[in-house]
Amino acid sequence: MLLVDQIGNSHVHAPDDPEAGRSSNSKITTTLGLVVHAAADGVALGAAASTSQTSVQLIVFVAIMLHKAPAAFGLVSFLMHAGLERNRIRKHLLVFALAAPVLSMVTYLGLSKSSKEALSEVNATGVAMLFSAGTFLYVATVHVLPEVGGMGHSHKPESAGGKGLSRLEVAALVLGCLIPLVLSIGHQH
């Protein structure tokens with residue numbers, strides 16, 4: 001099968017080429033993954049907005065704003081590189097851009113003052129923040145760490161020899177996981 005990209009270069013793929021079928025699914029999968037990530041951002045933002053602690057609200061807002069532009073840039077760059085038309089890229093970007101604000105409003109309304117009486121026993125704000133943080137931990141451990149450690153899917157030849165994380169990298173990972181625990185000592189919430 002012969003494919004022609006926007007510049008006019010042609011690429012020949014064998015009909016049994018597994019990369020050809022995977023590239024069409026990867027566009028949707030990448031967008032879906034970033035939309036889920038943005039939705040988790042929205043849950044965190046809505047949960048923070050429902051609290052009366054302005055420092056938590058500000059920290060969550062700034063953290064989300066600092067990484068939203070690079071995430072959008074990465075999504076658009078990936079979709080352009082994959083050969084998607086500009087109008088379809090705009091639709092993917094619109095869905096990504098709306099995910100965080102829509103979920104933050106839904107979360108805020110779900111945790112509003114009228115709902116707080118029913119949800120006070122469960123501490124729904126804390127559960128929503130934990131859910132949001134858990135999605136980031138899931139993505140980091142399931143998708144990012146295998147790629148960093150050389151165990152994930154790669155197009156490079158096996159000559160790189162990466163068999164996993166080095167001892168220094170594992171020590172840094174464990175230290176990073178323990179820092180929040182150390183910082184929480186002495187704080188009663």
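This is a predicted model, so every value here is computed, not measured.
Of all the heavy atoms in T107 and G42, the pair that sits closest is OG1-O, 4.3 Å. Listed here is the closest heavy atom pair of H67 and A63: ND1-O, 2.9 Å. Looking at every heavy atom in both residues, A38 comes nearest to A99 through CB-CB, 3.8 Å. Listed here is the closest heavy atom pair of Y108 and A49: CE1-O, 3.5 Å. In terms of heavy atoms, A97 sits closest to P101 at O-CD, 3.1 Å.
Here the straight-line distance linking atom CG of L75 with atom NE2 of H92 works out to 8.0 Å at 0.5 Å rounding. Separation of atoms CD1 (I89) and CG (L79) is listed at 5.5 Å; rounding is to 0.5 Å. Atom CG of L32 and atom NE2 of H37 lie 13.5 Å apart (nearest 0.5 Å). Taking CD1 of I59 as the start and CD of Q53 as the end, the distance is 9.5 Å to the nearest 0.5 Å. Atom OG1 in T54 sits 14.0 Å away from atom CZ in F61 (nearest 0.5 Å).
Hydrophobic clustering, with ILVMFWY side chains joined whenever heavy atoms are under 4.5 angstrom apart, keeps V36 apart from I64. A continuous path of hydrophobic side-chain contacts links M80 to L93 [ILVMFWY only; heavy atoms under 4.5 Å].
Under the 4.5 Å side-chain criterion, counting only non-hydrogen atoms from C-beta, F73 is in contact with S77. Side-chain contact between K68 and D41 is present, with heavy atoms from C-beta onward closer than 4.5 Å. Contact annotation: the side chain of E85 never approaches that of R90 to less than 4.5 Å [non-hydrogen atoms, C-beta and beyond].
Under the side-chain contact (heavy atoms from CB on, under 4.5 Å) test applied with T31, the options L34, V35, I28 reduce to a single match, V35.
Under a 3.5 Å cut-off, the side chain of S50 and the backbone N or O of A47 do form a donor-acceptor pair.
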